[in-house]
Amino acid sequence: MCFFYSVKKEKSEELVINNLITQHQLSLIEDVYFANGFSHLKMPVLLRENNENYLKYYSWGLIPGFCKTESEAERFRNMNLNARSETIFEKKSFENAAKKMRCLVLCSGFFEFYDGGGKKYPFFISLKNNGLFVFAGIWDSWINRVSGETVHTFSILTQETNSLIGALHKKHRMPVFLNFDDAQKYINPETSQSKIIEITNKRIEFEKLKAQSIARFNPKMSEQNNVEKISAFYSYPELSQYFRYDKDFNDEIRSSLLY
DNA sequence: CCAGACGTTGTT
DNA sequence: GTCTGG
DNA sequence: CCAGACGTTGTT
DNA sequence: GTCTGG
């Protein structure tokens, strides 16, 4: 899953060096320490038009352009926080966006919950170099027929989990992470559908990621959670007992985990 | 042909 | 808007 | 994932 | 028991 994530722009020079974003655009990004998908916050995304990358703030939760009423749009934006990468070119809600409206979702880390003995332990998953990384996304625009307002929205693509995240929460789905080279190709509208499928089928090496346990919090309290310390390391000594006996946690994966 | 769907995966 | 199911 | 619902009738 | 909504 990916329903909660954060954006911290520090240590993100690599994005500038790789020409995904300009130094000026990077400076415009505001830190968000906790975005709850169901709050549909406006978050920074990068899209490409006329051979240039644009930084936009779009609302998380894709509303397909064909929606007629506000209540219909509400239902869609709640279920379309994520889109399964395997089927974006087939699903009516995503087909149009997948072909012509792809974007990169900037993210410094996201939140997962490990179930240990029936208790939930929150983890923050980020890059070992603490940089900002990019997810594959799609966007759409929807016109509210009552107010006339145009709403721009996006969804984060998901794929099968890699070993680190799969062993951590056993939910089988994680965001599609892109390397910088693929990221440029991904948002280029000229890139072929088969190339997009090839790119989104790749999976990040788990060695690049780290997962650290953090203090418990109530995900519903969006405002209260939006503080930097939400992703600070918090130790749960009892966690080692679960991980030690979990056959999915080999030594290499365990070295990427902090708990 | 028309009516109805159109989608993902989750916490204190 | 466009596909699916009846 | 958990909480809450879970249904019917009638007319040109 | 099983689907729906959040």
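Naming: A, B, ... by sequence-line order, numbering from 1 per chain. These figures come from a predicted structure and were not determined experimentally.
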Quiz item: Just how far, in rounded Å, is P of dT11(B) from CD1 of Ile230(A)?
Solution: 15 Å
Quiz item: For dT8(B), what is the paired nucleotide under Watson-Crick or G-U wobble rules, both distances under 3.5 Å?
Solution: none
Quiz item: When rounded to the nearest Å, what value does the distance between P atoms of dT2(E) and dG7(B) take?
Solution: 25 Å
Self-check item: Nearest-angstrom distance, P atom, dC1(D) to dT11(B)
Solution: 7 Å
Quiz item: Under 5.5 Å between ring centres and under 30° between planes: true for Phe66(A) and the base of dC6(B)?
Solution: yes
Quiz item: Distance under 6.0 Å and angle within 45° of the ring axis: does Arg216(A) meet both against Tyr121(A)?
Solution: yes
Quiz item: Base, sugar-phosphate, or nothing for Glu72(A), non-hydrogen atoms under 4.0 angstrom?
Solution: base
Practice problem: Classify the nucleic acid contact of Asn78(A) as base, sugar-phosphate or nothing, counting any heavy atom under 4.0 Å across all strands shown. | Solution: nothing
Quiz item: Which part of the nucleic acid, if any, lies within contact of Lys119(A), taking any heavy atom under 4.0 Å across all strands shown: a base, the sugar-phosphate backbone alone, or nothing?
Solution: nothing
Quiz prompt | Residue matched to dA3(B) through Watson-Crick or wobble contacts both under 3.5 angstrom | solution = dT4(C)
Quiz prompt | Rounded distance in Å - CG (Asn96(A)) to C1' (dC6(B)) | solution = 13 Å
Quiz prompt | Distance-only donor-acceptor check, side chains Glu14(A) and Asn129(A), under 3.5 Å | solution = yes
Quiz item: For Tyr58(A), is the NZ or CZ atom of Lys56(A) found under 6.0 angstrom from the centre of its six-membered ring and inside 45 degrees of the ring axis?
Solution: no
Quiz item: If we take the P atom in both dG4(B) and dG5(E), what is their distance in whole Å?
Solution: 16 Å
Quiz item: In whole angstrom, what separates Lys91(A)'s NZ from dA5(B)'s C1'?
Solution: 11 Å
Self-check item: Integer-rounded Å distance: dG6(E) P and Arg77(A) CZ
Solution: 14 Å
Quiz item: For the side chain of Lys68(A) and the base of dG1(C), is some donor closer than 3.5 Å to an acceptor across the two?
Solution: yes
Practice problem: Tell me which of Ser93(A) and Asn36(A) sits closer to the 5' end of DNA chain B, going by the nucleotide each one is nearest to. | Solution: Ser93(A)
Exercise. Would you please confirm or rule out a distance under 4.0 Å between OP1 or OP2 of dT9(B) and any side-chain N or O of Arg84(A)?
Key: yes
Practice problem: Take atom CD1 of Ile138(A) and atom P of dT8(B), then tell me their distance rounded to the nearest Å. | Solution: 9 Å
Quiz prompt | Value in whole Å for how far the C1' atom of dC6(B) lies from CD1 of Ile88(A) | solution = 16 Å
Quiz item: Please walk me through it: do Tyr5(A) and Phe111(A) pass ring pair (Phe, Tyr, Trp, His ring centres under 6.0 Å)?
Solution: CA-CA 6 Å; Tyr5(A) 75 94; Phe111(A) 301 83; 9.0 Å; no
Quiz item: Expressed in angstrom and rounded to an integer, what is the separation of Phe3(A) atom CZ from dC1(D) atom C1'?
Solution: 10 Å
Quiz item: Within the structure, does a side-chain N or O atom of Lys120(A) lie under 4.0 Å from either OP1 or OP2 of dT11(B)?
Solution: yes
Quiz item: What nucleic acid atoms does Phe76(A) come within less than 4.0 Å of, heavy atoms only: base, sugar-phosphate, or nothing?
Solution: base
Quiz prompt | Phe123(A) ring center near Tyr259(A) ring center (under 6.0 Å) | solution = no
Quiz prompt | Distance, rounded to the nearest Å, where Asp140(A) contributes CG and dG7(B) contributes C1' | solution = 14 Å
Quiz item: With rounding to whole Å, what would you report as the distance between dT12(D) and dA3(B) at their C1' atoms?
Solution: 22 Å
Exercise. Name the closest nucleotide to the Met79(A) side chain, picking from dG7(B), dT8(B), dT12(B).
Key: dG7(B)
Quiz item: When the C1' atoms of dT9(B) and dG6(E) are considered, how many whole Å apart are they?
Solution: 12 Å
Quiz item: Does Thr158(A) place a side-chain N or O at less than 4.0 Å from the phosphate oxygens OP1/OP2 of dT8(B)?
Solution: no
Quiz item: Are Ser59(A) and Arg77(A) linked by a side-chain donor-acceptor pair shorter than 3.5 Å?
Solution: yes
